[in-house]
Amino acid sequence: MTGPSTGEAVAKPSPGGFSWLLEQRVLLSVAVLAVLPWVLPSQALAVNVLIYGVVVMGYNLLFGYTGLLSFGQAAFFGAGAYFTGIAIGRYGVPWFAAVPVAVLLSTCLAAAIGIVSTRTRGIYFSMVTLALAQLVYYVALQASSFTGGENGLRGFTVDRINLFGLQLNFLDPINKYYVLMAFAALAMWFQSRILNSPFGAVIEAIRENEQRARACGYDVERSKLIVFMLSGAISSLGGCMLALHLSIVPLDILHYQTSGMIVMMVLLGGARSFFGPFVGAASFLILEDVISLWTPHWQIFVGAIFVLFVLFLPKGIWGTLLDALRVGKARP
């Protein structure tokens, strides 16, 4: 395997003839997402899978590919949603301008948190991200004139979208889904470019052996900060999508329980797998949707299922499936 500086460590074809999967993973992922509204029980569930899949994909870049366990990803998810809602509702910014503005501001927030948290390692990094994310939560709670406080942010609605002269009813679930899927496709393309670049090889080298990566001359601290910002930017895009979808931003989106849910989703789907975040998001949300019909204590059952997955399927659903296909392909 070539050195990280060439960028070929990530792009190198995987064993068992799966190079086509790596090369076309964005197109294949988009193709699967395109049929999602027609196979899931409801179109609203499909939209939620799309939104949380993007958020978890951003977290997977930090945790799965770089090996940094953060408990504060909800800060960027919520920041993207709040900045989008405030830009549209308070300042009258068009939705197509509010989204990039929100992502940019959320990336600045990720930079501020990353400068502090990436100076620590291990469990200290996890605890610092948790503490700073909770600080963002309490700021949103107290700044009620901007955020709505406990009631959440309201007073903005996107009901029609103009796409190159074509007027779309954004309140129609199918129209809404495919508009939001365009954002998800953009996020997947962006992350794929990161992973296939020399920088993608660097962050994987950091995950495998941080000391060796530093000895090879890589600026580990700077790389951690950059990937922290990129992760926050992608997850904030999911927040923008949520704001456009709901036309409200609940305060709970910033809570540490949301961060825990994101961690569960990435582990259910499979960390270090490109499509795993969407599989994990779909699995978690479907379990919630089904079990909550039987009992209000659905978290107990989902938690038990999560423990079983960690014990017996540590690579998650998608990661385990890919490994099984590789083994089957390698057999004569």
Side-chain angles (χ1 to χ4, degrees), residues 1-12 54-80 83 103-137 139 187 190-239 254 256 259-260 262-263 266-267 271-274 277:
M1 181 177 293
T2 57
S5 60
T6 65
E8 296 175 4
V10 178
K12 183 177 179 180
V54 172
V55 177
V56 178
M57 183 173 63
Y59 181 68
N60 191 34
L61 182 65
L62 183 68
F63 172 62
Y65 288 102
T66 315
L68 299 177
L69 176 60
S70 168
F71 291 144
Q73 203 70 10
F76 315 123
F77 182 26
F83 285 137
V103 171
L104 178 61
L105 293 175
S106 301
T107 305
C108 293
L109 175 64
I113 294 177
I115 289 173
V116 177
S117 58
T118 54
R119 295 175 181 270
T120 60
R121 298 177 59 186
I123 190 62
Y124 301 104
F125 172 83
S126 303
M127 292 298 100
V128 169
T129 56
L130 175 61
L132 293 176
Q134 282 302 103
L135 177 61
V136 174
Y137 171 85
V139 168
F190 180 62
Q191 180 157 310
S192 181
R193 295 287 294 177
I194 294 172
L195 297 176
N196 286 333
S197 69
F199 179 73
V202 171
I203 62 176
E204 292 206 27
I206 293 173
R207 183 197 68 230
E208 295 298 328
N209 194 317
E210 183 176 323
Q211 297 300 326
R212 183 175 295 177
R214 184 176 287 106
C216 290
Y218 297 119
D219 191 337
V220 172
E221 284 69 27
R222 182 184 178 189
S223 299
K224 284 183 178 180
L225 177 59
I226 292 174
V227 77
F228 197 93
M229 294 169 60
L230 293 172
S231 172
I234 295 173
S235 290
S236 71
L237 179 61
L254 289 169
Y256 66 85
S259 293
I262 293 171
V263 175
V266 77
L267 292 175
R272 295 176 58 188
S273 60
F274 188 77

Quick one: closest heavy-atom pair of [X] and [Y], and the distance?
X: Arg212; Y: Asn209; value: N-OD1, 2.9 Å
X: Leu225; Y: Ile115; value: CD1-N, 3.6 Å
X: Ala187; Y: Leu237; value: CB-CD2, 3.9 Å
X: Leu62; Y: Ser70; value: CD2-CB, 3.7 Å
X: Leu254; Y: Ala75; value: CD2-O, 3.8 Å
X: Ala110; Y: Gly232; value: CB-CA, 4.2 Å

With side chains defined as the heavy atoms from C-beta onward, is the minimum distance between [X] and [Y] less than 4.5 Å?
X: Phe63; Y: Leu267; value: yes
X: Val103; Y: Ser106; value: no
X: Tyr59; Y: Val263; value: yes
X: Ile206; Y: Tyr218; value: no
X: Ile113; Y: Phe228; value: yes

From CA spacing to verdict: side chain to side chain contact (heavy atoms under 4.5 Å, CB included), Val202, Asp219: CA-CA 9 Å; Val202 171; Asp219 191 337; over 6 Å; no
So how far is it from [X] [atom1] to [Y] [atom2], rounded to the nearest 0.5 Å?
X: Phe199; Y: Ser223; atom1: CZ; atom2: OG; answer: 5.0 Å
X: Thr66; Y: Arg272; atom1: OG1; atom2: CZ; answer: 11.0 Å
X: Cys108; Y: Leu105; atom1: SG; atom2: CG; answer: 6.0 Å
X: Ile203; Y: Lys224; atom1: CD1; atom2: NZ; answer: 12.5 Å
X: Asn60; Y: Ile262; atom1: CG; atom2: CD1; answer: 12.0 Å
X: Met57; Y: Ser273; atom1: CE; atom2: OG; answer: 12.0 Å

Could you pull out all residues at least two apart from [X] that satisfy ring pair (Phe, Tyr, Trp, His ring centres under 6.0 Å)?
X: Phe274; result: none
X: Tyr137; result: His255
X: Phe125; result: none
X: Tyr65; result: none

Counting only N and O atoms by type, is there a donor-acceptor contact under 3.5 Å from the side chain of Ser236 to the main-chain atoms of Gly80?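 Side chain of Ser236 to backbone of Gly80, a donor-acceptor pair under 3.5 Å: no, none is there.
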Is there a donor-acceptor pair closer than 3.5 Å between any side-chain N or O of Ser197 and the backbone N or O of Gly200?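 A pair under 3.5 Å: yes.
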Just jot down the side chain to side chain donor-acceptor pair (under 3.5 Å) partners of Ser235, sequence neighbours excluded, or say none.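 Only Gln73 meet the side chain to side chain donor-acceptor pair (under 3.5 Å) criterion with Ser235.
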Give the C-alpha distance, both sets of side-chain angles, the deciding distance and a yes or no for side chain to side chain contact (heavy atoms under 4.5 Å, CB included) between Ile226 and Leu230. CA-CA 6 Å; Ile226 292 174; Leu230 293 172; 4.0 Å; yes
List for me each residue that meets salt bridge (Lys or Arg N to Asp or Glu O under 4.0 Å) alongside Arg214, sequence neighbours excluded, and say none if there are none.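 Salt bridge (Lys or Arg N to Asp or Glu O under 4.0 Å) check on Arg214 returns Glu210, Glu221.
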